[in-house]
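Counting starts at 1 for both ligands and their atoms, in listed order. All heavy atoms count here, side chains included; hydrogens, waters and symmetry mates do not.
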Amino acid sequence: MAALVTLHFNHALLPQGWAADVRLSIQDGRFVAITPGVARQPGDHHAACALPGMPNLHSHAFQRAMAGLAEIRGPKGDSFWTWRETMYRFVERMTPDDIAAVAAQAYVEMLESGFTRVGEFHYLHHDRNGARYAEPAATSLAIIEAAAQSGIGLTLLPVFYAWSGFGQQPPSTAQRRFLSDIDSFAGLFDMAATGARILPDALVGIAPHSLRAVAPTELSALQQMAGDRPIHIHIAEQAREVSDCLAWSGQRPVEWLLDHADVDRRWCLVHATHMTEAETSDVARRGAVAGICPITEANLGDGLFPAEPFLRAGGRYGIGSDSNVRIDAIEELRMLEYGQRLIRQERNILALAPGRSTGDALYRMAVDGGGQALGDDAGLQVGASADIVTLDLAHASLVHRPVERLLDALLFGAGRDAIDSVWRRGVQLVSGGRHQARDPILARYRKTLERLTA
Ligand code: NGQ
Ligand code: ZN
């Protein structure tokens, strides 16, 4: 059995709120004891203040490499769909080795920003001409390699993709690298799950890409295959997706999904942007997590998630960095609240209750929902992975802030620049804001980009 690691913090954000003089004991990567109100003991690592690591419930790591390359106005007016064409062109050239290099860079940035486990919604399965690789799960293994190098927790979500639009429209040439049938997908899933065993605490789930890309019978088969594992799906991200779904089925995407699948706590509905009031409260009631990706949703012009009605109905959400155009857990939360403020012309919306801190509410809800969606309950609690973020209290935005204002100061006044150290499974990976393998991973990423953008 591995040695006990002990840490002591003046303040730590526990599931029930801030506590003082907290001692955390860690064995085999998980918390075995958490005791508030005790003095520091010899041998304890010590820091001023600890937050739980943040789950990142939705990432397409490879898209990190195209950040900033889709921001020039095109001939017809740009949208999600024109961005997607740019993304498809970019992805044409990527090899498994490129994917590993780009994902490692993205995962280092995630850790430096406070994300400690990532849900990788991985669909780039095949070779450039659409052929299977000799090692059919080659690109999943590239993701696993990147997780191993960076030390981030991985919930690998192999994606099933078969069609280009509702009603089983044939896939386009640009989509040929993504495609499976149910049998070939089952093989791919097994190989990815086996490959992920090299990681200490990887989990696997299943991701039907969207109702556009998966037929109803396939969705049922995937749900069967998933058993108790996480199931993630893109849903109702774009207004056109809603109108296409209505034309196909007479129902809206969320409405259709709730009627035709056993949506429950295993499910993560990624984006869930365009929902009626009834859909919003129905998703909340089912216990599914809404996977909100505020930076990407703003970047792609998706629309705003109905956050307040969803939360008031008891809904759970987590955050994702999705396109990875910018990787910053704190900024995701700020953007979530600011979107609501701008549309509603009000303030402190997601705090929900009078007297509650908005930063505290945003952070804690995202830890809980993100942990649920990734299949491993997060937070500073016994049994959870020992994933910890500490803050630089000398940061100009954090100085002289009482502890109960710290998350507000962090979310609204700072960002990933205020993060000092990040621990994963009781091992410190980030200190002074820098990941221990930042330089070699960045050097490999630079070489990859040189080729990809040549
Ligand atoms: C994706 N991204 O799978 O990378 C998608 C674009 C699609 C977002 N939806 C492709 N943000 O949805 O068809
Ligand atoms: Zn996505």
Exercise for review: Give the numbers and elements of all ligand 1 atoms closer than 4.0 Å to a heavy atom of Leu300.
Suggested key: 11 (N)
Check your understanding: Tell me: protein heavy atom nearest atom 10 (C) of ligand 1, and distance?
Key -> Arg84 CD, 3.5 Å
Point to revise | Arg240 to Trp81, cation-pi by 6.0 Å centre distance and 45° axis angle | key: yes
Check your understanding: Without hydrogens or angle criteria, can the side chains of Asn56 and Ser321 be said to hold a donor-acceptor pair below 3.5 Å?
Key -> yes
Point to revise | Residue, atom name and distance, where the atom is the protein heavy atom closest to atom 9 (N) of ligand 1 | key: Glu237 OE1, 2.6 Å
Check your understanding: Is there an N/O/S atom in His234 that lies less than 2.8 Å from the Zn ion (ligand 2)?
Key -> yes
Study note, to complete from the structure: for atom 5 (C) of ligand 1, nearest protein heavy atom and its distance come out as His234 CE1, 4.1 Å
Exercise for review: Could you tell me whether His58 and His60 have their ring centroids closer than 6.0 angstrom?
Suggested key: yes
Exercise for review: Go through ligand 1 atom by atom and flag the ones less than 4.0 Å from a non-hydrogen atom of Asp322.
Suggested key: 11 (N)
Point to revise | Asp328/Arg416 salt bridge by N-O under 4.0 Å criterion | key: no
Exercise for review: Verify the neighbour count for atom CG of Asp228: are there more than 12 heavy atoms of other residues, nucleotides or ligands below 6.0 Å?
Suggested key: no
Check your understanding: Would you say Leu156 and Ser140 make side-chain contact, with heavy atoms under 4.5 Å?
Key -> yes
**Study point:** Stacked cation flag Arg132 on Phe185, 6.0 angstrom / 45 deg
**Key:** no
Check your understanding: Going by the order shown, which atoms of ligand 1 are within less than 4.0 Å of some heavy atom of Arg212?
Key -> 7 (C), 12 (O), 13 (O)
Exercise for review: Decide if the gap between the ring center of Phe178 and the ring center of Phe160 is smaller than 6.0 angstrom.
Suggested key: no
**Study point:** Selected option - heavy-atom contact closest to atom 6 (C) of ligand 1, from Tyr161, Trp83, Tyr88
**Key:** Trp83
Exercise for review: Please state whether the separation between the Zn ion (ligand 2) and some N/O/S atom of Cys293 is under 2.8 Å?
Suggested key: no
**Study point:** Glu277 atom CD: more than 12 heavy-atom contacts under 6.0 Å
**Key:** no
Check your understanding: So which N/O/S atom does His58 have closest to the Zn ion (ligand 2)?
Key -> NE2
Revision key, fill the gap. The closest protein heavy-atom partner of atom 1 (C) of ligand 1 is Tyr123 OH, 3.3 Å
Review point. In the protein, which heavy atom is nearest to atom 3 (O) of ligand 1, and how far is it?
Key: His209 NE2, 2.8 Å
Exercise for review: May I ask you to list the atoms of ligand 1 that are less than 4.0 angstrom from any heavy atom of Phe80?
Suggested key: 6 (C), 7 (C), 8 (C), 9 (N), 11 (N), 12 (O)
